[in-house]
Amino acid sequence: MKNKEVAKLLNNIADLLEIKGESVFRVGAYRSAARHIEGLSEDVEILARAGGLRSIPGVGESLVTKISEYLETGRSQYLEDLKSQFPQGLIELLQVPGLGPKKTKLVYEKLGVAGIEDLEKAVHERKLRDLPGMGEKTEQKIEKELERWRSRTRRYLLGEALPLAEEIADALRSCTAVQRVEPSGSIRRRKETIGDVDILASSDHPDEVITCFDALPLVKEVIAKGSTKSSVLTQQDIQVDLRVVKPESFGAALQYFTGSKEHNVKLRELAQKRGLKINEYGIFDERTGQKVGGESEEDIYRIVGLAYVPPEMREDRGEIEAAERWAADGTVPELVEISDIRGDLHVHTNWSDGLNTLEEMAAAAMARGYSYVAICDHSKSLGVAHGLSPERVLEQRALIDEANKRLAPFRIIAGIELDIRADGTLDYEDELLAQFDIVTVSIHSAMGQPREKMTERILSGLRNPYVQIFNHPTGRIIGRREPYEVDLEQVFSTAAELGVAMEINAAPDRLDLSDLAARRAKDYGIHIAINTDAHAAWHMDFMRYGVATARRAWLQKSDVLNALPVEELVQRLSENRARRLAVRR
DNA sequence: GCCGTTTTCGGCCCGACTGTTTTCAGTCG
């Protein structure tokens, strides 16, 4: 899958064209195509072979040629030519806040600044302030940004940023001038990583809200403040932006500040076609200039003629077009919600590398309103995690049976997280696997295998008739470990055929499958299990991040395996097993 | 560079803020 690579190619071209001073629309065309290709659920290479590049929105004749050239030869003459005109470091300079294409070009041409280090030197020597259009303030701002740029390369996990945003929102609600507060931006869309935290508030006295915000104990430093907005750094150096609007504009502002930018652009274009104008203050009739809505977010979508689009879908991945159809035929799909989840199908206990006992994990599941939990400890080959020998796992099984007698109607499902070994064989014999209510499989070793070997390894694991769920299918750890090389399309198509479910692992640093991959899995008709992989009771709270990812993948309740009531779940699992065993005989 | 129930040419989302200017360009979200 070279989608990311192609997107990067186009973005690189866009960066250089920008510095070159090309039309913003031409630059925008490259970026728009890049975004669409990155968001594509199918493989761009396969699409290219089928002659279907033209069908990608934003890709016209010229880009088809450039993309095809890149896919065939691994390079682009056009990009090479551009690169030869400018030093590589200029692209890096664009990343510094406050430095756009124009200023980057300026410092390059006037001062020979060709990268971050040159820029630091020029700032240090106070050379920037004498350039046309720049001054002392600009130089100081860049100096400060450079310092921050050095330390701030990482994005934060949703699992870190969302609790922080909620804490701040709660704190602001106790400020008397505040009417409403909502986290907005990418947090509200539940993106897997977050650059900075955006909070929206409504009030008739914005200045009081700003004062209240700047005085919060978790604020370390106020970076910028105006009459309706303020940016601060928290003690952990996360940037938080607060924006305060009038109550009558709250809905429009919430829509606007939730984004994504691409979603909003598309929404506004559509509005414009219908004689309407949307901004953060409301929605207006373009002819009369009269405001026709804006107090609630629902207003905006309804007046433009769309069904309401949940924040998690707002990524310009076809949701606007879909919302148009939904509004027309009244069939708005309801995305899965946390309240739909009936149990967690992947948790650990202290029998392997978990912290809590079996009973404690069951109690934690009950406390969350679940009617079942599947205990899936590690199998024997995962030595580092005290993987269970066949004898021990049978011992645990007996204990589970006993506990179930006491806990009914709550149900502990006896499961296992079984390693698919490097050669594609499974860690237990079939006779043992037959003892489990649910068998889930994972890759925990030899993650560097080449793509074909890894794919074949996974497929052979999935083909075992006892296997029901494939855990964290790509093995990524956000920010730390890339997904292993695997042909997901083949995995999905085999899984669909066999009736094996895929996991969305809800651990905030995994979220694996990702939103895009899960949406692709749904296209194949695959069931998704949203599991926390809890190694401690409190980890079961990660479920919300898994559900968020599922919603970003457009999943509905009916797509989610653990939204089933316990009887239906157990029946489905045993029917699937029986069917597959029958085929094998 | 893309795109089209107003267009195959002439558009392309919208507003705020900052710093530099003296009416605006650049940047950002």
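For the numbers below, each heavy atom of this structure counts, side chains included, while hydrogens, waters and symmetry mates do not. Chain A is the first sequence line, chain B the second, and so forth, proteins listed ahead of strands; every chain is numbered from 1.
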Atom pairs under 3.5 Å, N or O on each side, protein against nucleotides 23-29 of chain B: can you list them with distances?
| from | atom 1 | to | atom 2 | distance (Å) |
| --- | --- | --- | --- | --- |
| B:dT27 | OP1 | A:Gly100 | N | 2.7 |
| B:dT27 | OP1 | A:Gly100 | O | 3.2 |
| B:dT27 | OP1 | A:Lys103 | N | 3.0 |
| B:dT27 | OP2 | A:Lys102 | N | 3.2 |
| B:dC28 | OP1 | A:Gly98 | N | 2.5 |
| B:dG29 | N2 | A:Tyr256 | OH | 2.3 |
| B:dG29 | N3 | A:Tyr256 | OH | 3.4 |

Carboxylate-amine/guanidinium contact A:Lys277 A:Glu286, below 4.0 Å = no
Expected label for B:dT7 (glycosidic angle, syn inside 90° of 0, else anti) would be syn
How far does the P atom of B:dT5 sit from the matching atom of B:dC13, given to the nearest Å?
-> 16 Å
Paired with B:dC24: which nucleotide, if any, by Watson-Crick or G-U wobble criteria at under 3.5 Å for both distances?
-> B:dG19
Does a side-chain N-to-carboxylate-O contact under 4.0 Å join A:Arg155 and A:Glu160?
-> no
Return no unless some side-chain N or O of A:Gln272 is found under 4.0 Å from OP1 or OP2 of B:dC14.
-> yes
So what does A:Lys266 touch, heavy atoms closer than 4.0 Å: a base, only the sugar-phosphate, or nothing?
-> nothing
Between A:Leu276 and A:Lys141, whichever has its closest DNA chain B nucleotide further toward 5' is A:Leu276
Ion pair check, A:Lys144 and A:Glu221, cut-off under 4.0 Å = yes
Hey, mind stepping through A:Asn3 and A:Glu42 against side chain to side chain donor-acceptor pair (under 3.5 Å) and telling me if it holds?
-> CA-CA 9 Å; A:Asn3 298 20; A:Glu42 60 263 61; over 6 Å; no
Phosphate OP1/OP2 of B:dG19 contacted by A:Thr138 side-chain N/O (<4.0 Å) = no
Using the P atom in both, what is the distance from B:dT6 to B:dG1, to the nearest Å?
-> 28 Å
What integer number of Å spans the P atoms of B:dT22 and B:dC14?
-> 30 Å
A:Tyr281 has its side chain closest, among B:dA16, B:dC13, B:dG1, to B:dA16
So which one's nearest nucleotide on DNA chain B is more toward 5', A:Glu61 or A:Leu131?
-> A:Glu61
What interatomic distance, in whole Å, is found between C1' of B:dT21 and the corresponding atom of B:dG26?
-> 13 Å
A:Tyr78 side chain, from C-beta outward: closest of B:dG1, B:dC13, B:dA16 = B:dG1
Does A:Lys110 use its side chain to pair, donor to acceptor, with the backbone of A:Leu128 at less than 3.5 Å?
-> no
What nucleic acid atoms does A:Glu262 come within less than 4.0 Å of, heavy atoms only: base, sugar-phosphate, or nothing?
-> nothing
In terms of side-chain heavy atoms, does A:Thr258 have a donor or acceptor partner in A:Arg188 at a distance below 3.5 Å?
-> yes
Pairwise C1' distance, B:dT7 and B:dG11 [rounded to whole Å] | 9 Å
B:dC2 phosphate, OP1 or OP2: any side-chain N/O from A:Arg31 under 4.0 angstrom?
-> no
Say you pick atom C1' in B:dC9 and the same atom in B:dA16; how far apart are they, in whole Å?
-> 32 Å
If only side-chain N and O atoms of A:Asn279 are considered, is one of them under 4.0 Å from the OP1 or OP2 phosphate oxygen of B:dC14?
-> no
Check every strand shown and say whether A:Val59 touches a base, only sugar-phosphate, or nothing at a heavy-atom separation below 4.0 Å.
-> sugar-phosphate
State plainly whether the residues A:Lys229 and A:Asp241 are in salt-bridge range, i.e. N to O under 4.0 Å.
-> no
Quote, to the nearest angstrom, the P distance that separates B:dG10 from B:dC17.
-> 36 Å
Have a look at A:Lys273 and say if it touches a base, only the backbone sugar-phosphate, or nothing, with a 4.0 Å heavy-atom cut-off.
-> nothing
In whole angstroms, how far is the P atom of B:dC3 from the CD1 atom of A:Ile56?
-> 11 Å
What integer number of Å spans the C1' atoms of B:dT8 and B:dC2?
-> 12 Å
Does a salt bridge link A:Arg26 with A:Glu22, judged by any charged N lying under 4.0 Å from a carboxylate O?
-> yes
